[in-house]
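Data block below; observations after.
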Protein chains: 2
Amino acid sequence: MPTPRRSGEGPAPARGKRADALRNQQTLLTAAAAVFVTSGVDAPIREIAARAGVGMGTIYRHFPTRADLVVAVYRHQVEECAAAGPRLLDGADSPFAALRQWVDLFVDFLVTKHGLANALQSDGSGFEALHTYFLDRLVPTCAQLLDAAVDAGEIRPGTHAYELMRGIGNLCIGRDGDPRYDPRRLVELLLIGLRRPQPS
Amino acid sequence: MPTPRRSGEGPAPARGKRADALRNQQTLLTAAAAVFVTSGVDAPIREIAARAGVGMGTIYRHFPTRADLVVAVYRHQVEECAAAGPRLLDGADSPFAALRQWVDLFVDFLVTKHGLANALQSDGSGFEALHTYFLDRLVPTCAQLLDAAVDAGEIRPGTHAYELMRGIGNLCIGRDGDPRYDPRRLVELLLIGLRRPQPS
DNA sequence: TGACAAAACGGAACACTGCTCCGTATATTA
DNA sequence: TAATATACGGAGCAGTGTTCCGTTTTGTCA
């Protein structure tokens, strides 16, 4: 019955993989999540492997680049964030309010992940894919909210979702816990800057 | 005559240093500047040493941390930027215009230095001093411009220069040359966000 | 069940980088 | 010129990313 037939190629077969491989993949995700919390997303690979009780080879086999691992760990939350856009658009008082709420969501996500915002913009070796995944996944949602706010006349047109997302991500970079620097305040400033001068 | 007496301690004696030491220090600055352009401010120390034709020990003796070297290379430009504040305040049409011009100056400086903005916020080992120097040097100037604009009623009070500077610095982080991301546009948005809703 | 092939594992080993340490070379002074 | 303080050079250690291959485990089939 568990015929491992795989007609096409597709992104996520997960069929035909050996039981130990599946087990280890899960173990690695759990270990990585834990290590990310304590040591940040750029923790030594060895540390994650040790935590999971596997060898270095295993980690690289499952997650060829660091970005693959980070994406896997945070995939759920990113997808959730992407999905929240339309919902907020429906529920909020105005498109701009929805945009603001959504941005808050995104910022909350970033600031609670030690070093993630940094990694997102890092020009380091294994992080491009991370950058790409986040942007690919979230820019469309952001664009939808942005467009709605433009259509409603609440904000000036001309700003691209890609640029805004990167800007917000950038503002979230920093040693966490500095009371003199709160990304939220600056992000708020950025959003205010988007507004139409006069409500027409 | 060149009595090497040094009464106190002070920051910059530079007296009594051997001729070769002085020469090497200069050579290192030149080499570092060149390497920073091609390989970024986080180029391998070995590369800089090789370029200068000196050993590793020499570089560490003159510049104990990476930040010391980076600061030394860019000191002139940073001081210049700090000094430009008052001048702009005098010459511009309004304090806000002066602030904008000054920010432009700062952004221009950052975006033309490969990886400098990154390093400024890096939580890496040898970069804290860099962060500190830039902020110590530029925050007062920024605060002066900010206060003037507040006093003139052009912008809302409540924003701190430190936070603004860090935000601007953060926005300048990124792989340079991405046509879809222009720090200047976002910085402009930030400045617009600072303005008073109604010119009172 | 037992044997065999494919899949997966583990970790030694290599490369690269930051940084230190100390024997050697050079400048300065008397 | 001799003596001494300074400065130099680079080998060497430590931490990390990444690869490679001999060994082990799993799944299959007779």
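As the structure is a prediction and not an experimental result, all values here were calculated from the model.
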Whole-Å distance separating the CG atom of B:Leu28 from the P atom of D:dG9: 9 Å

Less than 4.0 angstrom between a side-chain N/O of A:Asn24 and OP1 or OP2 of C:dA8, yes or no? no

Quick check on D:dC8: is either OP1 or OP2 less than 4.0 Å from any side-chain nitrogen or oxygen of B:His62? yes

Would you call the rings of A:Tyr74 and A:Phe109 parallel, tilted or perpendicular, taking 30° and 60° as the class edges? perpendicular

Any side-chain donor near an acceptor of the partner, A:Tyr162 and B:Asp178, under 3.5 Å: yes

Per atom distances to the A:Pro44 side chain, the nearest of D:dG17, D:dG9, C:dG10 is D:dG17

Return whichever of B:Arg23 or B:Gly57 has its heavy-atom-nearest nucleotide of DNA chain C closer to the 5' end. B:Gly57

Between D:dT16, D:dT25, D:dC8, which one does the side chain of B:Asp20 approach most closely? D:dC8

Any side-chain N or O of A:Thr58 below 4.0 angstrom from OP1/OP2 of C:dA8? no

Counting heavy atoms from C-beta on, name the nucleotide in D:dG17, D:dC8, C:dA8 closest to the side chain of A:Lys17. C:dA8

Distance-only side-chain donor-acceptor flag, B:Thr27 / B:Asn24, under 3.5 Å: no

Side chains of B:Asn170 and A:Tyr181: do they bring a donor and an acceptor to under 3.5 Å? yes

Could you tell me whether A:Arg196 sits above the aromatic face of A:Phe96, with NZ or CZ closer than 6.0 angstrom to the six-membered ring centre and within 45 degrees of the axis? no

Atom pair distance, as rounded to whole Å: CD in B:Glu47 and P in C:dA15: 19 Å

Candidate nucleotides D:dT18, D:dC8, D:dT26, ranked by approach to the side chain of A:Met56 - the nearest: D:dT18

Taking the side chain of B:Tyr60 as its heavy atoms from C-beta onward, which of D:dT18, D:dA7, C:dC19 lies nearest to it? C:dC19

On a plain distance test, is the side chain of B:Arg46 in donor-acceptor contact with the base of C:dG18 below 3.5 Å? yes

More 5' along DNA chain D: A:Gly126 or A:Arg61, using each one's nearest nucleotide? A:Gly126

Between P on D:dG17 and CG on A:Asp68, what's the gap in Å once rounded to a whole number? 15 Å

Whole-Å distance separating the CG atom of A:Leu69 from the P atom of D:dG17: 12 Å

Taking the side chain of A:Arg18 as its heavy atoms from C-beta onward, which of D:dC8, D:dG17, D:dT25 lies nearest to it? D:dT25

Taking CG from B:Asp42 and P from C:dT17, how many angstroms apart are they, rounded to a whole number? 11 Å

In whole angstroms, how far is the C1' atom of D:dG9 from the CD1 atom of B:Ile59? 13 Å

Atom-to-atom span, CD1 of B:Ile48 to P of C:dC19 - whole angstrom: 11 Å

